[in-house]
Amino acid sequence: MKEGKNKEAQALLQRYFVSEGEGSGHGNGAYVKFGCYQVLGDLKINWSDTLGKVSDYQRTLFLDKALAVTQWKRDGITFREEVLASAPNDIIAIRLNASKAKKLYFSFSLDRKEKAQFSSAGNTITMTGQLAGGNGDLGIRFAGCAKAITLDGKVEAQDGKITVSGSTECLIILSAATDLNWPTVEKRGPNPLPIAQKKVNQASMVSWNQLKQKHIIDYQSYYNRCQIQLTAKQESQIATTSTLQRLIDFEKGASDVTLPSLYFNFGRYLLISSSRKGGLPANLQGIWAEEYQTPWNGDYHLNINVQMNYWPAEVTNLSECHTLLVDFVKQLVKPGAQTAKAYYNSEGWVAHVITNPWKFTAPGEGASWGSTLSGGAWLCEHLWQHYLFNPNPKVLNEIYPVLKGAAQFYKNILIEDPQTHWLVTAPSNSPENSYKTADGFIGQTTMGPTMDMQIGRELFSNTIAAAKILGVDTDLRQH
């Protein structure tokens, strides 16, 4: 790179400066060691076809309650489906009811297209399975359980499904578990089926109103901390317009001053729903990914995607949601130190573009993108922001070793640019950017991309500030 031989440098990186094996499988890692975040399965509800055509179909998501409601009419009967995902009970609850007595006729089943077995008995259906791990190793065990609860009508297990006949109201309680022992993922947890069954059975002892009330109170303890509400003369008209149509109209230039506030509140709903204590941080496609091979593995892209998920966290008073990412970054330090030593012979720690629950920190399988080295340093900005909004010594003492290690890595790898004599990172690249040299070579590998320099200055400044507050590492902060 110092000699201007960018093409040769990039070829050298592609040969020696990539991850071992298949890496992330070029975004298709479901069946390689890297793995893939994927859907557990589907709960399929099949309604009886004995009634007439559907009319007055409506779907509504209540952002202030985290409650999804679907309603329709058939033969003069109003059917209503309410769905919530309860964090306190760790279950999904679905309430189905009809406006006329004993008019619910349907069946439901659990479904997964691979590596799953199903059983049903009485009013309960279960699903169990185990994924394939990397290199043929056995992967995560998983389990799901769903139970139907009715006050009238008939419920029976039949052909691997649960059939409900002649009921006025039915409550379906669903829960799931895996043996992924977060955050110590190296050790497996217990058999997940009894865990899922226990959660379902406990929730089944509680009424829908109690489950719903407990869920709303818990959710609103986060959601109601911050809101943006805008009003306009056309508000009543917008109330009867679908969100899809509002987006279409807005793109065409129609006035809709409440749409930005809806978008703001929707973003907070997503973060609250996907980043709660005891779980994993919000990932690339979020917990709503519906595929078995999620786009880009549904992993953690550290070149902006994960960061964007959490930009609203502190400024909208969702610090507890942010702690999942903060803890995740702390857990990257140990493997990141091994990567820093192996690839750079450097102190400190580094994470590149992609990571996963097993704390992958190596470069990606393609040097043109995978050698981006600022992922860990950028994550440190979130740790510092978390401290600024929670300025107490405990938080600072917990995050300082992480900041210090990332700063040590950056300090160790800087070299002098022969043209500008600035200290720069090399080799590196700016994510999703290319350049074209005078001889026509289109490359990505470069020295001192602006992104690296900006993130490095921010990291050094924050680490120095933290060290001053703690009164430590005088030599480090002066050099």
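This chain uses plain numbering: 1 for the first residue, then up along the sequence. The model shown is predicted, which means the values in this text are computed figures rather than measured ones.
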Practice problem: Start with the C-alpha gap between T316 and F264, add the side-chain angles, then the distance that decides, and say whether side chain to side chain contact (heavy atoms under 4.5 Å, CB included) holds. | Solution: CA-CA 10 Å; T316 68; F264 173 84; 3.7 Å; yes
Using distance alone, with no hydrogens and no angle criterion, decide if [X] and [Y] have a side-chain donor and acceptor under 3.5 Å apart.
{"X": "S275", "Y": "Y310", "value": "yes"}
{"X": "Q213", "Y": "N209", "value": "no"}
{"X": "K147", "Y": "N201", "value": "yes"}
{"X": "N303", "Y": "Q307", "value": "no"}

Practice problem: For a salt bridge (charged side-chain N to carboxylate O under 4.0 Å, His left out) with E82, tell me which candidate from R59, K65, K212 qualifies. | Solution: K212
Quiz prompt | Stepwise salt bridge (charged side-chain N to carboxylate O under 4.0 Å, His left out) check, R95 with E169 | solution = CA-CA 7 Å; R95 178 181 180 248; E169 178 176 310; 3.0 Å; yes
Does some side-chain heavy atom of [Y] sit less than 4.5 Å from a side-chain heavy atom of [X]?
{"X": "E398", "Y": "L383", "answer": "no"}
{"X": "N46", "Y": "F106", "answer": "no"}
{"X": "N462", "Y": "Y387", "answer": "no"}
{"X": "L302", "Y": "I354", "answer": "no"}
{"X": "S107", "Y": "I162", "answer": "no"}

Self-check item: Trace of the salt bridge (charged side-chain N to carboxylate O under 4.0 Å, His left out) decision for E320 with R225
Solution: CA-CA 12 Å; E320 295 94 328; R225 296 176 186 180; 2.8 Å; yes
Exercise. Quick one: do T361 and V350 satisfy side chain to side chain contact (heavy atoms under 4.5 Å, CB included)? Show the steps, please.
Key: CA-CA 7 Å; T361 57; V350 63; 5.8 Å; no
Self-check item: K44 atom NZ, neighbour heavy-atom count above 12 within 6.0 Å
Solution: no
Exercise. Step through the shown structure and confirm whether more than 12 heavy atoms of other residues, nucleotides or ligands are within 6.0 Å of NZ on K73.
Key: no
Taking all non-hydrogen atoms of both residues, which atom of [X] and which atom of [Y] are closest, and how far apart?
{"X": "K199", "Y": "S175", "value": "CD-OG, 3.4 Å"}
{"X": "A203", "Y": "I173", "value": "CB-CG2, 3.8 Å"}
{"X": "L280", "Y": "L324", "value": "O-CD2, 3.3 Å"}
{"X": "C145", "Y": "T124", "value": "SG-CG2, 3.7 Å"}
{"X": "S319", "Y": "N390", "value": "OG-ND2, 3.0 Å"}
{"X": "N309", "Y": "A282", "value": "ND2-O, 3.3 Å"}

Exercise. Assess whether salt bridge (charged side-chain N to carboxylate O under 4.0 Å, His left out) is satisfied between K277 and D327, documenting all intermediate values.
Key: CA-CA 11 Å; K277 183 179 179 181; D327 291 341; over 6 Å; no
Quiz item: Can you say whether the rings of H322 and H386 are parallel (under 30°), tilted (30 to 60°) or perpendicular (over 60°)?
Solution: perpendicular
Practice problem: Anything under 30° is parallel, anything over 60° is perpendicular, the rest tilted; go ahead and classify Y219 against H215. | Solution: parallel
Exercise. Could you give me the CA-CA distance, side-chain angles and deciding distance for E81 and V83, then say whether side chain to side chain contact (heavy atoms under 4.5 Å, CB included) is met?
Key: CA-CA 7 Å; E81 174 188 276; V83 184; 3.9 Å; yes
When rounded to the nearest 0.5 angstrom, what distance separates [atom1] in [X] from [atom2] in [Y]?
{"X": "E365", "Y": "S24", "atom1": "CD", "atom2": "OG", "answer": "3.5 Å"}
{"X": "T78", "Y": "D75", "atom1": "OG1", "atom2": "CG", "answer": "11.5 Å"}
{"X": "C321", "Y": "R268", "atom1": "SG", "atom2": "CZ", "answer": "8.5 Å"}
{"X": "S374", "Y": "I304", "atom1": "OG", "atom2": "CD1", "answer": "11.0 Å"}
{"X": "Q220", "Y": "D64", "atom1": "CD", "atom2": "CG", "answer": "6.0 Å"}
{"X": "L403", "Y": "E381", "atom1": "CG", "atom2": "CD", "answer": "9.0 Å"}

Practice problem: List in chain and number order the residues that pass salt bridge (charged side-chain N to carboxylate O under 4.0 Å, His left out) with R141, two or more places apart in sequence or in another chain; answer none if no residue qualifies. | Solution: D179
Self-check item: Test ring pair (Phe, Tyr, Trp, His ring centres under 6.0 Å) applied to F328 and Y300, step by step
Solution: CA-CA 11 Å; F328 188 86; Y300 299 95; 4.9 Å; yes
Backbone N/O of [Y] and side chain of [X]: donor-acceptor pair under 3.5 Å:
{"X": "Q285", "Y": "P295", "value": "yes"}
{"X": "N392", "Y": "K394", "value": "yes"}
{"X": "S207", "Y": "Q210", "value": "yes"}
{"X": "S167", "Y": "V164", "value": "no"}
{"X": "D152", "Y": "T168", "value": "yes"}

Self-check item: Derivation of the side chain to side chain contact (heavy atoms under 4.5 Å, CB included) call for L171 and L96
Solution: CA-CA 6 Å; L171 183 60; L96 303 169; over 6 Å; no
Quiz item: Any chance the rings of F409 and W349 have centres within less than 6.0 Å?
Solution: no
Self-check item: Ring centres under 6.0 angstrom apart (F34, F360)
Solution: yes
Quiz item: When you check the gap from the basic side-chain N to the acidic O, do D42 and K113 get nearer than 4.0 Å?
Solution: no
Quiz item: Are R112 and F118 in a cation-pi contact, defined as NZ or CZ under 6.0 Å from the six-membered ring centre and within 45° of the axis?
Solution: no
